Protein chains: 2
Amino acid sequence: MKRLSKDDIIAGAGRRFATHGYHGTSMRDLGDDLGILGSSIYAHVGGKQELLVAVIEGGAEHFEASARAALDVEGASGQLRAFIKGHIDVILDHRAEARTYLSEVGFLDPDRRAIVAQRRDRYEMYLVEILDACVLEGVLRKDVDVRLASIYTLSILNLVDRWFSESGRVKRAELSEDVYRFVLRGLGGTP
Amino acid sequence: MKRLSKDDIIAGAGRRFATHGYHGTSMRDLGDDLGILGSSIYAHVGGKQELLVAVIEGGAEHFEASARAALDVEGASGQLRAFIKGHIDVILDHRAEARTYLSEVGFLDPDRRAIVAQRRDRYEMYLVEILDACVLEGVLRKDVDVRLASIYTLSILNLVDRWFSESGRVKRAELSEDVYRFVLRGLGGTP
DNA sequence: CCTACCGATCGGTAGG
DNA sequence: CCTACCGATCGGTAGG
């Protein structure tokens, strides 16, 4: 039973927020999970909202790192494939952070929420750019509505953790490939 | 300022739950929205959890009615199209109920949550059957993983209210058509 | 549907 | 990180 670090507290908060929601989590709940008192959490962080901010910004960084890596891949269709695989990997490797990032943004204080919204828009723009490049390279139909396509793709990706099980019939790598094929075909490409 | 009906209370609860979440909503908040005291709500309903149940079951019924109507359409691809259009219409015509149904199920008491989960599975099975029929009629590729396909489709549909605006660039009917084409092509069909 | 409340729990603090 | 609290708010009730 060694002392907890600030990161331990944030990780614990992420798990609770992901399963019970921000407003469904009390500082005492959180303390119970961590084996300390609720009031002891204030030795590490300023308050509950600060924990939400830390969890969500951690989630945002994972997604952004993944998108940057995807842009380094050669060829537009390879980038699309890497973007999809990267997003799924982030969601499944950081389920709690990712779920909180995706579901609890609305409970951020208005200022912080606006900043996170901007970061999400920027992330979506990465995908839009990749799809644009796919159209340009002739991988996708010229009449594709790239904005809608990016929303469809992110919708599929963002809900993956709600149903996917690592021990299920479909393996993670197969899922990434299948989503890639589905999106590519959906936009008029041939894998 | 006439007296409120039970349905008024449930509708108000739906709106609050959809925007602030179940745990982010107090009975006093709800009363404020309705112009009465929080404690006055207990004249109409047994408690907060009962309101959540009512909103969510109302949402479930809308989706199920839409699915049944889709199954009445002639031809598998027509059914798929009707299912998609119907789902989008339910979401946009009953935003608060639908959003609560989709996001707050986890806060239902365990027994009720299990029942709702069953209803959701049944709804998904409607789509699986339609997709199976599409494969059988040769509208879709024979090697399609219909389970995954239904999940992808519902993922796109379930997040529509998060970004769609009635006053936006894309109109509702266009969206339904575009999603239909995207899904059909994604599964190897040609619209 | 309001008045007047209840015990429980909330986020958070002072001091160690 | 605990002890010992604080005022505020929570879901809910009795009685009208």
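Letters go in sequence order (proteins before strands), and every chain restarts at 1. Keep in mind that this is a model prediction, so the values were computed, not measured.
Crowding of Glu166(B) atom CD: a count of heavy atoms from other residues, nucleotides or ligands under 6.0 Å exceeding 12. Within 6.0 Å of NZ on Lys48(B) lie more than 12 heavy atoms contributed by other residues, nucleotides or ligands. By the 6.0 Å contact criterion, CZ on Arg120(B) is enclosed, its count of non-hydrogen atoms from other residues, nucleotides or ligands being greater than 12.
With 3.5 Å as the limit, one finds no donor-acceptor pair spanning the side chains of Asp89(A) and His94(A).
Scanning DNA chain D 5' to 3' for nucleotides with an atom closer than 4.0 angstrom to a non-hydrogen atom of chain A gives a first and last hit of dC1(D) to dA4(D).
Contact annotation for Leu37(A): base contact, defined as any heavy-atom pair under 4.0 Å involving a base atom. In this structure, Gly38(A) reaches neither bases nor backbone, as no heavy-atom distance under 4.0 Å exists between it and the strands shown. Across all strands, Ile41(B) comes closer than 4.0 Å to no nucleic acid atom at all (heavy-atom distances).
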message: Walk me through whether Lys171(B) and Asp178(B) qualify under salt bridge (Lys or Arg N to Asp or Glu O under 4.0 Å).
response: CA-CA 10 Å; Lys171(B) 294 304 155 201; Asp178(B) 197 65; over 6 Å; no
- prompt: Can you list the steps and then say if Ile56(B) with Arg112(B) is a side chain to side chain contact (heavy atoms under 4.5 Å, CB included)?
  reply: CA-CA 10 Å; Ile56(B) 287 182; Arg112(B) 195 63 74 152; over 6 Å; no
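With Leu140(A) as the fixed residue, the side-chain contact (heavy atoms from CB on, under 4.5 Å) test singles out one of Val135(A), Val146(A), Val183(A): Val135(A).
Contact of the Phe107(A) side chain with the Arg113(A) side chain is not registered, since no non-hydrogen atoms from C-beta on lie closer than 4.5 Å.
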message: Can you give me the dot-bracket string for DNA chain D, 5' to 3', counting Watson-Crick and G-U wobble pairs with both distances under 3.5 Å, using [ ] for crossing pairs and | for partners on another strand?
response: ||||||||||||||||
